[in-house]
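Single-structure report; data block below.
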Amino acid sequence: LDIISKPLWTPPYVLIMAGIDMLVLSVLTYFSYNYGIVERIFGIFLAVGRNPLGVYVLSGVVIRIFLCVPFGEGNLYDGLWLILKGFIPDASLAALIYAGLWFMCFVIPAEILYRKKIIFTV
């Protein structure tokens with residue numbers, strides 16, 4: 001019998017995580033269909049999930065622009081990271097917050113595209 005606390009992607013880990021995922025998904029589906037709670041709580045992800053290609057392309061364009069804009073001794077992208085890291089000394093927490101803020105920058109354009117029913121597909 002394998003132990004669950006082994007490195008990722010061992011068969012027991014995958015089976016247990018898949019089971020937990022299915023349980024969470026079924027609970028969210030139940031509340032979504034019966035009470036509409038999920039849409040109110042996770043509605044921010046609906047716009048991004050409906051237009052992932054648009055958000056992906058936009059984030060690539062914005063990061064290239066940030067890398068070209070000089071800021072201090074480097075570029076704007078690195079400068080924003082250093083500013084955030086100056087406020088939050090723990091690198092892991094700073095990286096998590098930076099990723100969350102980076103994601104939030106693209107929620108508004110995704111919401112605009114979603115409301116105008118513009119969806120990019122391949």
Side-chain angles (χ1 to χ4, degrees):
L1 183 65
D2 268 339
I3 300 172
I4 301 304
S5 62
K6 289 179 74 174
L8 293 178
W9 307 115
T10 57
Y13 176 82
V14 170
L15 290 174
I16 289 201
M17 288 299 112
I20 292 171
D21 289 344
M22 290 298 123
L23 180 64
V24 169
L25 183 62
S26 64
V27 168
L28 289 175
T29 303
Y30 173 79
F31 282 109
S32 175
Y33 285 134
N34 293 329
Y35 303 106
I37 294 173
V38 176
E39 285 85 7
R40 284 181 270 165
I41 297 172
F42 298 108
I44 190 172
F45 299 107
L46 184 61
V48 176
R50 293 285 169 110
N51 209 348
L53 185 60
V55 172
Y56 175 75
V57 170
L58 182 63
S59 70
V61 169
V62 170
I63 199 167
R64 281 178 177 66
I65 291 170
F66 277 27
L67 290 172
C68 293
V69 173
F71 184 82
E73 295 181 12
N75 56 46
L76 183 60
Y77 187 76
D78 293 335
L80 292 174
W81 163 250
L82 291 175
I83 290 170
L84 182 66
K85 197 164 182 239
F87 287 112
I88 304 168
D90 181 27
S92 299
L93 181 61
L96 177 66
I97 292 172
Y98 192 67
L101 291 172
W102 187 251
F103 171 75
M104 294 304 291
C105 290
F106 301 105
V107 169
I108 294 170
E111 186 69 34
I112 292 169
L113 291 173
Y114 177 69
R115 289 186 183 187
K116 292 187 177 199
K117 298 189 186 324
I118 300 172
I119 298 176
F120 297 103
T121 59
V122 177

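Everything numeric here is computed off the predicted structure, so don't read it as measured data. Below, all heavy atoms of this structure are taken into account, side chains as well, without hydrogens, waters or symmetry copies.
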Checking the side chain of Arg64 only, and the main-chain atoms of Gly60 only, is there a donor and an acceptor separated by less than 3.5 Å? yes
Distance, nearest 0.5 Å, that separates CZ of Arg50 from CZ of Arg115: 14.0 Å
Report whether Val57 and Ile112 are members of the same hydrophobic cluster (ILVMFWY, side-chain heavy atoms less than 4.5 Å apart, transitive linking). no
Indicate if Ile83 and Leu101 have the same hydrophobic cluster label, given that clusters are the connected sets of ILVMFWY residues with side-chain heavy-atom separations under 4.5 angstrom. yes
Quick check: is Leu84 connected to Leu82 through a chain of hydrophobic side chains (ILVMFWY, heavy atoms under 4.5 Å apart)? yes
What I'd like to find out is whether the side chain of Val48 reaches to under 4.5 Å of the side chain of Val107, using heavy atoms alone. yes
Linking I/L/V/M/F/W/Y whenever any side-chain heavy atoms sit under 4.5 Å apart, do Ile20 and Tyr30 land together? yes
Restricting to non-hydrogen atoms, name the atom on Tyr114 and the atom on Ala47 that form the minimum distance, rounded to 0.1 Å. CB-CB, 3.7 Å
The single option from Leu76, Asn75, Leu80 that satisfies side-chain contact (heavy atoms from CB on, under 4.5 Å) with Asp78 is Asn75
Value for CD1 (Ile63) from SG (Cys105), rounded to nearest 0.5 Å, stands at 11.0 Å
Once rounded to the nearest 0.5 Å, what's the spacing between atom OG1 of Thr29 and atom CG of Leu25? 4.0 Å
Taking the six-membered ring where the residue is Trp, are the ring centres of Phe106 and Tyr56 under 6.0 Å apart? no
Intermediate values then yes/no, side-chain contact (heavy atoms from CB on, under 4.5 Å), Ile88 and Tyr98: CA-CA 10 Å; Ile88 304 168; Tyr98 192 67; over 6 Å; no
Can you tell me how far CG of Asp90 sits from NZ of Lys85, rounded to the nearest 0.5 angstrom? 9.5 Å
Residues in ring-ring contact (aromatic ring centres under 6.0 Å, His included) with Phe71, at least two apart? none
With the 4.5 Å side-chain cut-off for hydrophobic clustering, are Val24 and Met22 part of the same group? no
The ring-ring contact (aromatic ring centres under 6.0 Å, His included) partners of Phe66 (sequence neighbours excluded) come to Trp102
Measure the spacing between CG of Leu46 and CG of Asn51 and express it to the nearest 0.5 Å. 11.0 Å
